[in-house]
J.: 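Sharing a structure with you now.
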Protein chains: 2
Amino acid sequence: MGVVDGKPGLRELKKQRTRAAISDAAITLFLEHGFNQVSVAQVAEAAEVSKRTLFAYFPTKEDLVVHRLADHETEAARVVRARPPGTAPLTALREHFLTGLRERDPISGLNDHPQVRRVHRMILDAPSLVARMEGFKTGAERALAQALQETADTPELTARLAAVQIVAVQWALAQDNAERLAYGEPADERYAGAVEDAEHAFTLLENGLHHLTPQR
Amino acid sequence: MGVVDGKPGLRELKKQRTRAAISDAAITLFLEHGFNQVSVAQVAEAAEVSKRTLFAYFPTKEDLVVHRLADHETEAARVVRARPPGTAPLTALREHFLTGLRERDPISGLNDHPQVRRVHRMILDAPSLVARMEGFKTGAERALAQALQETADTPELTARLAAVQIVAVQWALAQDNAERLAYGEPADERYAGAVEDAEHAFTLLENGLHHLTPQR
DNA sequence: GAGTAAATGTATACCAGGTGTAGAAATCAC
DNA sequence: GTGATTTCTACACCTGGTATACATTTACTC
């Protein structure tokens with residue numbers, strides 16, 4: 001029953017294999033023809049599995065894509081929890097984001113490998129997938145809020161407010177990078193600007209928006 | 001063709017009437033039995049219209065509900081654009097939000113009329129409707145970013161970052177209020193706390209998160 | 001006021017995502 | 001092996017949404 005079972009068993013093994021086969025078939029087909037252009041029946045056929053079985057492994061068509069990104073949902077929360085003692089949450093998060101940029105982590109929007117870009121394009125072209133990504137943000141907010149509350153001794157409301165701000169900003173930064181890469185800018189060329197933007201964004205988070213001038 | 005036409009015409013009139021009939025039938029049925037428990041065919045029948053006609057007026061089932069909230073998508077942007085000269089965007093938005101609380105605007109989450117609460121419950125119970133609301137947030141962010149950029153002489157990135165933070169915070173405040181009301185707290189009783197929370201949130205937006213202690 | 005083009009509504013059939021059911025087949029424990 | 005349990009499958013079905021082809025209504029022109 002547990003995730004890591006002492007007795008893998010033939011059953012568990014086949015399950016994992018089937019799951020991987022379905023997921024692989026799905027990604028391959030989706031990348032080739034587009035998410036909306038491929039039916040779940042086609043995916044099931046390609047994976048040599050019945051439609052019903054497919055839905056036993058992935059409750060919705062969208063899950064065939066997004067299950068691979070599930071880990072990222074709690075990433076910010078984990079970073080906050082794992083920060084070294086004496087470090088402010090925002091500092092740890094900024095450091096982590098900058099590391100992501102440096103390593104071209106796809107989540108930072110700064111990875112221009114064709115594979116990654118094709119995945120990105122596939123998601124943007126399918127409204128239902130975009131909606132699921134939005135849902136991810138909500139999950140990330142909740143997890144981060146809890147992490148802040150528990151590890152930074154922050155009141156519930158403040159934790160929630162901080163969490164939604166942070167998640168929104170990180171998301172915006174990543175989207176901005178991805179958008180520029182989609183326009184053809186190479187990642188290495190964008191890197192310096194991405195770092196600058198990230199620094200600016202985290203500074204804004206720390207110091208607030210009072211610089212917004214009243215000028216009209 | 002224009003929204004306000006000198007010649008309403010019988011055609012236009014009937015169209016509006018049909019549209020209203022469909023929308024009313026939908027809301028009534030959805031509130032009574034739940035969004036997912038009512039099929040569009042039932043709505044069409046209740047409105048004495050064919051299914052195809054229904055979809056000519058509302059492109060998706062969700063639109064039967066959310067078309068009534070479409071105005072709110074650009075509300076924050078309008079507030080920023082309409083602020084008196086010499087006023088900071090955040091000041092205008094805070095003022096507007098507080099006014100919403102005072103007037104128990106449903107968008108502030110502080111309206112406990114049974115109708116409003118039932119609508120709220122209906123939305124929360126239907127994942128596809130929740131997803132649509134998330135989409136609203138995205139639209140609100142975009143509109144607000146543009147308003148900030150155009151009226152506050154803010155760089156594009158800063159405007160976007162500020163916009164996502166502001167929208168996220170307002171949404172969180174409203175959700176928090178709505179949640180408490182859903183738990184039975186009367187709006188009048190919650191009012192003072194809601195104002196306090198809003199003030200706190202906007203202060204946080206203005207002054208930043210540097211108060212988040214590193215304490216572990 | 002009659003005739004006609006355009007817009008609107010309808011019936012019907014269809015596609016895709018997703019579920020319920022009952023039973024076949026594989027796996028496991030003994 | 002045998003029996004119980006899980007997993008898979010085939011099949012039928014429901015619902016949201018679209019395509020087509022046709023009927024009806026409205027509005028404009030003369």
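All chains are named by letter (A, B, ...) in the order of the sequence lines, taking the proteins before the strands, and each is independently numbered beginning at 1. Heavy-atom basis, side chains included; hydrogens, waters and symmetry copies ignored. Treat the numbers as computed from the prediction; the structure is a model and nothing was measured.
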J.: In whole angstrom, what separates K61(B)'s NZ from dG17(C)'s P?
T.: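 K61(B) atom NZ is separated from dG17(C) atom P by 18 Å.
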J.: Phosphate oxygens OP1/OP2 of dA10(D): is one of them under 4.0 Å from a side-chain N or O of S50(A)?
T.: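 Looking at the OP1 and OP2 atoms of dA10(D), neither is under 4.0 Å from any side-chain N or O of S50(A).
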J.: Consider the side chain of R52(B), meaning its heavy atoms from C-beta on, and name the nucleotide among dT9(D), dG18(C), dT20(D) that approaches it most closely.
T.: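 Given the options dT9(D), dG18(C), dT20(D), the side chain of R52(B) is closest to dT20(D).
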J.: For L129(A) and dG17(C), give me the distance from atom CG to atom C1', rounded to whole Å.
T.: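 Interatomic distance, CG of L129(A) to C1' of dG17(C): 14 Å.
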J.: For the side chain of T18(A), starting at C-beta, report the closest nucleotide among dG18(C), dC8(D), dG17(D).
T.: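 Of the options given, the side chain of T18(A) lies nearest dC8(D).
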J.: Ring of F30(B), cation from R118(B) - is the NZ or CZ under 6.0 Å from the centre and inside 45° of the axis?
T.: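 No - R118(B) does not lie over the ring of F30(B) by the 6.0 Å and 45° rule.
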J.: Nearest to the F55(B) side chain among dG17(D), dT19(C), dT7(D), which nucleotide is it?
T.: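 Of dG17(D), dT19(C), dT7(D), dG17(D) is nearest to the side chain of F55(B).
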J.: Could you state the CZ-C1' distance from R19(B) to dG9(C), rounded to the nearest angstrom?
T.: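 Going from R19(B) (CZ) to dG9(C) (C1'), I get 17 Å.
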J.: Measure the distance from CG on D63(B) to P on dG16(D) and round it to the nearest whole Å.
T.: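 Distance check: D63(B) CG to dG16(D) P gives 14 Å.
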J.: Can you pull out the residues from residues 38-49 of chain B that lie within a 4.0 Å heavy-atom distance of DNA chain D?
T.: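 When residues 38-49 of chain B is checked for heavy atoms under 4.0 Å from DNA chain D, the hits, listed by number, are V38(B), S39(B), V40(B).
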J.: Before accepting this row, confirm whether a basic side-chain N of the pair R78(A)/D71(A) lies closer than 4.0 Å to the acidic partner's carboxylate O.
T.: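 Between D71(A) and R78(A) there is no salt bridge, as every charged N stays at least 4.0 Å from the carboxylate O atoms.
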J.: Suppose we call two aromatic rings close when their centres sit under 6.0 Å apart. Are H67(B) and F58(B) close by that rule?
T.: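 Between F58(B) and H67(B), which both carry aromatic rings, the centre distance is below 6.0 Å.
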J.: Please classify the nucleic acid contact of Y57(B) as base, sugar-phosphate, or nothing, using heavy-atom distances under 4.0 Å.
T.: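 Sugar-phosphate: the residue Y57(B), judged by heavy atoms under 4.0 Å, touches backbone atoms but no base.
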J.: May I ask you to verify if any side-chain N or O of K15(A) is less than 4.0 angstrom from the OP1 or OP2 atom of dT7(D)?
T.: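 For dT7(D), OP1 or OP2 has a side-chain N or O of K15(A) closer than 4.0 Å.
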J.: Whole-Å distance between dT8(C) C1' and R17(B) CZ?
T.: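 One finds 16 Å between C1' of dT8(C) and CZ of R17(B), rounded.
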J.: Whole angstroms only, please: what is the CD-C1' distance between Q16(A) and dT7(D)?
T.: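 Atom-to-atom, Q16(A) to dT7(D), this comes out as 15 Å.
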J.: Tell me which nucleotide among dT25(D), dG18(C), dG17(D) gets nearest to the side chain of K14(B).
T.: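 Within the option list, the nearest is dT25(D).
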J.: For the backbone of D24(B) and the side chain of T28(B), can you confirm whether one donor and one acceptor N or O come within less than 3.5 Å of each other?
T.: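 Such a contact is found between T28(B) side chain and D24(B) backbone.
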J.: Hey, are Q175(B) and E179(B) close enough side-chain-wise for a donor-acceptor pair under 3.5 Å?
T.: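 Absent: no donor and acceptor within the cut-off.
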J.: May I have the distance from L54(B) (atom CG) to dT15(D) (atom P), rounded to whole angstrom?
T.: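 One finds 15 Å between P of dT15(D) and CG of L54(B), rounded.
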J.: Between atom CZ in F35(A) and atom P in dA16(C), what is the gap in whole Å?
T.: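 Those two atoms, CZ and P, are 14 Å apart.
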J.: Is there a side-chain polar atom (N or O) of K51(A) under 4.0 Å from OP1 or OP2 of dG18(C)?
T.: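 Result: no.
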J.: We want to know whether E62(A) and S128(A) form a side-chain donor-acceptor pair, criterion being a heavy-atom distance below 3.5 angstrom.
T.: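 E62(A) vs S128(A): donor-acceptor pair found between side chains.
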J.: If we count only N and O atoms by modelled type, under 3.5 Å, do the side chains of H33(A) and Q42(A) hold a donor and an acceptor together?
T.: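 Short answer, no.
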